[in-house]
Number of protein chains: 2
Amino acid sequence: MSFMIFSKTTEYALRIMNFMAMDEKKLYSANDIYENLRIPFRYLRKQMTILSKSGLIISVQGKNGGYRISKSLSEISLLDITRVAGDNKINNECFFGFKSCAFEKKCAMHYKWAAVRKSINNVLTSTTLEELKKTGTHNFISKNSLIFTKKD
Amino acid sequence: MSFMIFSKTTEYALRIMNFMAMDEKKLYSANDIYENLRIPFRYLRKQMTILSKSGLIISVQGKNGGYRISKSLSEISLLDITRVAGDNKINNECFFGFKSCAFEKKCAMHYKWAAVRKSINNVLTSTTLEELKKTGTHNFISKNSLIFTKKD
DNA sequence: TTTAAATAATACCTGGAGGTGTCATTTATG
DNA sequence: CATAAATGACACCTCCAGGTATTATTTAAA
Ligand code: SF4
Ligand code: SF4
């Protein structure tokens with residue numbers, strides 16, 4: 001199952017933050033997010049706690065509690081989000097996955113792959129939630145899908 | 001542990017093919033490859049069988065047997081190699097990992113990410129083992145490392 | 001002050017990628 | 001033919017990302 005770039009957890013984090021960016025001042029409950037994104041409820045709860053510990057969102061406990069984006073949308077890049085789910089391995093990595101280069105001279109992939117990595121980093125660094133908010137009509141699955149999974 | 005592009009198995013396949021490209025006519029035993037790449041021996045054996053079933057290499061059984069690249073180096077692209085280890089998921093995939101798009105209008109990442117995917121595909125499709133062979137001095141770990149792991 | 005609605009903490013379960021162990025089969029060579 | 005050196009087949013183990021289950025804590029509001 002090779003060739004993925006993001007883990008499922010990272011994808012979840014991206015979807016969640018993108019969804020919450022719809023209204024950056026609103027306090028979203030885990031249930032609100034679940035209803036729209038249908039990420040497995042318990043796992044979603046776990047991720048919300050992690051996101052809040054990361055500082056990207058703040059949590060409010062107790063009745064009518066929930067989560068809110070903690071800073072200006074223009075200050076949150078997609079790279080910031082991908083980083084909370086795991087370590088950004090793409091930066092110091094050889095195309096072949098060698099820990100230290102096996103070759104005396106640079107192989108043909110070295111600079112080509114560096115360029116790929118750079119383009120990924122560029123797009124993740126330069127795209128903010130604010131830009132994302134301006135595009136796309138955010139229906140998520142609630143309108144698109146008639147699949148209703150049970151919460152528990 | 002997000003952000004990887006290739007699975008370990010795919011990386012192994014790339015290293016193996018790249019190594020065997022040093023001498024495309026030579027019959028390499030699994031042991032030869034192990035001595036140079038130090039991929040866990042039993043797993044390496046398993047992968048060699050898979051590679052040979054894929055048609056990229058042929059296997060010769062019996063004493064003095066081994067493996068040999070099955071066609072011209074210029075006919076084997078890196079994409080061909082990455083494909084044998086798993087399905088090329090990057091092609092039909094949304095940045096957020098949605099199976100079907102959640103939005104009515106394209107989000108800000110849609111075309112940016114398509115460009116990233118395209119650049120990855122370009123480099124994998126256009127780089128062949130032949131090109132790889134021309135660059136890099138192939139020492140692999142045998143010269144670089146003094147770590148000798150036991151085979152069994 | 002009691003209740004209900006929310007998050008937090010913690011432990012556990014599961015499937016699959018990566019890795020091992022064992023035996024069977026093939027074939028060159030003495 | 002007998003042996004040794006190679007690959008093939010197949011079952012098993014291990015670890016961890018992803019997913020569940022349960023109980024504790026916080027707090028608004030009836
Ligand atoms: S030269 Fe090739 S093998 Fe060496 S680090 Fe760069 S990509 Fe990896
Ligand atoms: S528009 Fe955005 S959400 Fe929709 S498929 Fe493209 S990248 Fe995914």
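We name chains A, B, ... by the order of the sequence lines, and we start the count at 1 in each one.
The distance between atom CG of A:Asn64 and atom C1' of C:dT7, rounded to the nearest whole Å, is 13 Å. For the pair B:Tyr12 OH and C:dA17 P, the computed distance is 15 Å after rounding to whole Å. Between A:Ile58 atom CD1 and C:dA6 atom P there is a gap of 16 Å when expressed in whole angstrom units. Per the geometry, CD belonging to A:Gln61 stands 9 Å off C1' belonging to D:dT27, to the nearest Å. Nucleotide C:dT10 holds its C1' atom 11 Å from the NZ atom of A:Lys53, rounded to whole Å. Rounded to whole Å, atom C1' of C:dA6 lies 10 Å from atom CG of A:Leu27. What separates CZ of A:Arg45 from P of C:dC12 is a distance of 20 Å, to the nearest Å. For A:Lys8 and C:dA17, the NZ to C1' distance is 17 Å, given to the nearest whole Å.
Annotation: side chain of B:Ile57 is in contact with side chain of B:Met48 (closest heavy-atom distance under 4.5 Å). Under the 4.5 Å side-chain criterion, counting only non-hydrogen atoms from C-beta, B:Phe96 is in contact with B:Cys107. Residues B:Asn121 and B:Lys118 fail the side-chain proximity criterion, which asks for heavy atoms closer than 4.5 Å.
A sub-4.0 Å separation between OP1 or OP2 of C:dA8 and a side-chain N or O of A:Tyr67 is present. Regarding contacts with the backbone of D:dG18, a side-chain N or O of A:Thr9 is found under 4.0 angstrom from either OP1 or OP2. Not one side-chain nitrogen or oxygen of A:Ser29 sits closer than 4.0 Å to the OP1 or OP2 atom of C:dA6.
Listed nucleotides: D:dA21, D:dT7, C:dT7. Nearest to the side chain of A:Arg42: D:dA21. The side chain of B:Lys63 lies closest to D:dA4, out of C:dA5, D:dA4, D:dG8. Among the nucleotides C:dA4, D:dT20, C:dA8, the one closest to the side chain of A:Pro40 is D:dT20. Distances from the side chain of B:Thr49 to the nucleotides C:dG19, C:dA8, D:dG8 place D:dG8 closest.
For the pair B:Tyr43 and B:Val60, both in contact range of DNA chain C, the more 5′-proximal nearest nucleotide belongs to B:Tyr43. Annotation: of the two residues near DNA chain D, B:Met48 and A:Gly62, the 5′-most nearest-nucleotide partner is B:Met48.
Aromatic ring orientation, A:Trp113 versus B:Phe6: parallel (interplanar angle below 30°, classes split at 30° and 60°).
Between the side chain of A:Lys46 and the base of D:dG19 there is at least one donor-acceptor pair of N/O atoms closer than 3.5 Å.
With hydrogens and angles disregarded, no donor-acceptor distance shorter than 3.5 Å links the side chain of B:Arg68 to the backbone of B:Ile58.
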